[in-house]
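To start, the structure itself, in structure tokens.
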Amino acid sequence: MESPEQPPLRRTIESGVMIALLAAFLVVSVLRHNLFGGPAHVKDSIGVIVAAALTLVMYSFLYRDNPMFKSAENLYVGVALGYQAVITWRESLRPEIFDAIVAAPTPEAMREALIHRSVPILLGFLLLTRLSRKYSWLSRYTYALMIGWGAGLGIVLTIDTYILQQLEAAAKPLQDGMLSGGAAAFSWPWWCDAGAVAGAVAVLVGTVCVLFYFFFSVRHGKAGSAVSKVGIWFLMISFGASYGYTVMGRLSLLIGRVRFLMFEWLKTSP
Amino acid sequence: MGEKIDTRQLLVVRRIIYLLVALAVIVPYLVKLPLPFAPLEDSRKVFDRVEALPAGSHVLISMDFDPSAEAELRPMANALLAHCFQKGLIPVVMTNWNTGLTLVDGICKEAAGKAGKISGKDWVFLGFRPGFTDLIVNMGENLKGAFTQDYYGKSTQGMGALAGVASLKNIDLIVNVAAGSTVEAWIAYAADRHKIPFAAGTTAVMAPDMYPWLNSGQMAGLLGGLRGAADYELLVRQPGDAAKGMQVQSVSHVLLIVLIVAANIRFFVGRRPAKRGA
């Protein structure tokens with residue numbers, strides 16, 4: 001990309017443009033949000049103005065990386081981490097540990113809370129031993145329990161959800177369309193059922209060809225290569241669909257920010 | 001044509017593209033264009049599933065997202081809640097993302113305020129509990145044990161909105177509005193395990209991965225990205241931010257298609273003389 005060393009004239013022009021944009025932003029914010037209209041206006045508007053400023057600074061990266069963008073980026077990471085810490089304390093640690101044990105209303109309540117919570121708390125603390133080279137082995141007890149619990153619970157459900165039901169679905173439409181629905185394929189309007197059958201055949205061919213493409217144990221001969229190529233085509237179509245959806249998603253985020261800038265910061269009527 | 005790529009020229013072209021995309025997003029908000037759209041079949045399936053529930057049914061809506069996905073998922077959550085309130089259903093809202101707590105709280109209060117519904121009686125926001133899959137398993141056994149209080153500190157024992165709900169098995173429909181990998185966990189640990197109807201609303205990036213679940217019937221319907229949200233807004237006859245965004249989306253997509261075609265033409269035309277010279 002561009003060299004960090006910019007010609008002095010260009011640097012001066014860019015600094016001038018930056019100052020002009022900042023001034024324009026402040027003027028627009030003051031005028032649109034009536035900041036001299038009293039403390040109530042300021043209270044309502046300050047969040048919107050800060051958010052608008054940070055949004056514009058973030059988009060300034062599209063022109064070039066710059067110190068303001070870096071500051072906003074670091075601010076974002078810091079605020080997100082701080083927020084997460086506060087929420088974790090408020091929603092997990094305080095009600096589960098502090099309120100239940102330290103701030104328990106009666107000694108009986110505290111004793112009961114200790115009985116129920118001491119083992120989980122101990123296991124939680126053992127995880128922190130990862131920070132010490134000498135005692136990190138203690139964390140394995142917690143991990144062993146977590147992995148054992150997760151595997152025991154997950155294996156049966158995962159096999160059913162991810163494998164058996166998906167296998168059934170891959171085979172079922174073909175069976176339905178060609179056997180039970182086969183008679184209906186010749187009834188009016190026949191193309192509705194024919195479409196379903198064609199779709200099911202495409203899923204079957206796609207599944208087999210893609211799986212064959214990833215089967216590396218045997219050298220693919222001439223016929224095998226042809227099947228693999230069909231598999232690659234199916235994969236490419238699938239990646240294309242994912243890319244299209246990703247573009248749509250990213251545009252939606254841009255639309256969200258533009259909507260915010262236009263209707264909440266600039267207060268234009270929708 | 002077969003010249004080396006000029007990075008300075010590329011930078012200028014890139015900035016022009018950014019400018020064009022910005023215009024494609026801003027101008028349609030200012031100029032009304034006749035670009036109608038009809039709801040997709042997958043979105044209609046979610047609507048039909050909610051529509052078929054009798055008044056008083058419990059719909060568990062897990063809003064697993066935070067402000068980074070707000071643009072796509074907030075309109076979806078708004079429309080879903082509006083539909084539930086219109087039908088007299090009881091939304092049981094929760095989140096598995098602690099960074100989304102205040103956002104989800106705002107969504108619930110806004111929708112309930114518009115419909116004149118009361119927290120704890122007509123709807124409940126259970127908040128966040130750590131654990132994710134363990135939490136879902138726990139809710140499958142004892143929902144009020146997993147959430148002893150709602151987000152506002154009211155005890156769930158004896159709460160009107162949760163009358164008759166002992167566990168997930170008493171929930172009539174689960175909808176996961178998600179920006180992450182919670183959908184699979186909801187399917188495996190709740191929907192498939194307890195045979196509860198399940199639908200999802202996801203970000204557009206996640207939507208293609210949802211089709212195997214839809215195809216297998218493990219998911220009753222899908223709202224994919226802003227388009228899914230716009231579909232739902234149309235179906236509940238409350239066009240909002242997402243429906244307005246569709247016009248912008250369409251114009252931007254046309255621009256991107258034109259840019260992709262132009263870039264490909266430029267690529268193939270530029271490649272030919274280099275081949276000859278080789």
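A, B, ... follow the sequence lines: proteins, then strands. Residue 1 opens every chain.
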Problem set entry | Residues, nucleotides or ligands: over 12 heavy atoms within 6.0 Å of W89(A) CH2 | yes
Exercise. Which atom names give the shortest non-hydrogen contact between A71(B) and R259(A), and what distance separates them?
Worked result: O-NH2, 4.0 Å
Problem set entry | Nearest heavy atoms of L101(B) and E91(A), plus distance in Å | CD1-CG, 3.2 Å
For this session: Provide the closest heavy-atom pair for S92(A) versus F128(B) in the form atom of the first, atom of the second, distance.
Result: OG-CE2, 3.9 Å
Problem set entry | Pairs of heavy atoms under 4.5 Å with chain A: top-ranked of G224(B), G225(B), P212(B) | P212(B)
Problem set entry | For I26(B), the option from I255(A), L261(A), V258(A) that meets side-chain contact (heavy atoms from CB on, under 4.5 Å) | V258(A)
Seminar exercise, completed: Bottom line for T133(B): the part with an atom under 4.5 Å from chain A's heavy atoms is neither
For this session: Between chain A and each of D241(B), L256(B), V137(B), count heavy-atom pairs under 4.5 Å; write down the option with the most.
Result: D241(B)
Problem set entry | E141(B) atom CD, neighbour heavy-atom count above 12 within 6.0 Å | yes
Exercise. Of all of R129(B), Q249(B), E70(B), which one pairs up most often with chain A through heavy atoms under 4.5 Å apart?
Worked result: Q249(B)
Seminar exercise, completed: Output for pair (L226(B) CG, L253(A) CG), nearest 0.5 Å, gives 9.5 Å
Seminar exercise, completed: Applying a strict 4.5 Å limit to non-hydrogen atoms, the region of R257(A) in contact with chain B is neither
Problem set entry | Rounded distance [0.5 Å steps], OG in S252(A) versus CG in L73(B) | 9.5 Å
Exercise. What is the minimum heavy-atom distance between T102(B) and Y83(A), and which atoms define it?
Worked result: OG1-OH, 2.7 Å
Exercise. Does R15(B) count as lying over the ring of Y63(A), i.e. NZ or CZ under 6.0 Å from the six-ring centre, within 45 degrees of the axis?
Worked result: yes
Exercise. Which pair of non-hydrogen atoms, one from Y189(B) and one from G154(A), has the smallest distance, and what is that distance?
Worked result: OH-CA, 3.6 Å
For this session: Inspect the surroundings of OH in Y76(A) and state if more than 12 heavy atoms from other residues, nucleotides or ligands are less than 6.0 Å away.
Result: no
Exercise. Do T99(B) and I87(A) have side-chain heavy atoms sitting under 4.5 Å apart?
Worked result: no
For this session: Hey, can you tell me if W213(B) and Y162(A) have their rings parallel, tilted or perpendicular (30° and 60° cut-offs)?
Result: perpendicular
Exercise. Are the side chains of V248(B) and L251(A) in touch, meaning some heavy atoms are under 4.5 Å apart?
Worked result: no
Problem set entry | Among I187(B), D134(B), D209(B), residue most engaged with chain A (heavy-atom pairs, under 4.5 Å) | D134(B)
Exercise. Is the number of heavy atoms from other residues, nucleotides or ligands under 6.0 Å of F37(B) CZ greater than 12?
Worked result: yes
Exercise. With respect to chain B, which residue among V247(A), L153(A), V86(A), L254(A) yields the maximal number of heavy-atom pairs within a distance under 4.5 Å?
Worked result: L153(A)
For this session: Could you tell me which non-hydrogen atom of L62(A) sits nearest to which non-hydrogen atom of Y18(B), and how far apart they are?
Result: O-CE1, 3.5 Å
Exercise. What part of M248(A) lies closer than 4.5 angstrom to a heavy atom of chain B: side chain, backbone, both or neither?
Worked result: both
Problem set entry | Interchain contact, D66(B) with chain A, by part (heavy-atom threshold 4.5 Å) | neither
For this session: Using non-hydrogen atoms and a 4.5 Å limit, figure out which bit of Q149(B) sits close to chain A: side chain, backbone, both or neither.
Result: neither
Seminar exercise, completed: Residues at least two apart in sequence or cross-chain that pass side-chain contact (heavy atoms from CB on, under 4.5 Å) with I232(A), listed by chain then number, are Y213(A), M236(A)
Sequence neighbours left out, cut at 3.5 Å: what donor-acceptor pairs do the side chains of residues 192-207 of chain B make with other protein atoms?
{"from": "D192(B)", "atom 1": "OD2", "to": "T161(A)", "atom 2": "OG1", "distance (Å)": "3.1"}
{"from": "D192(B)", "atom 1": "OD2", "to": "Q165(A)", "atom 2": "NE2", "distance (Å)": "3.2"}
{"from": "D192(B)", "atom 1": "OD2", "to": "Q218(B)", "atom 2": "NE2", "distance (Å)": "2.8"}
{"from": "K195(B)", "atom 1": "NZ", "to": "D192(B)", "atom 2": "O", "distance (Å)": "3.1"}

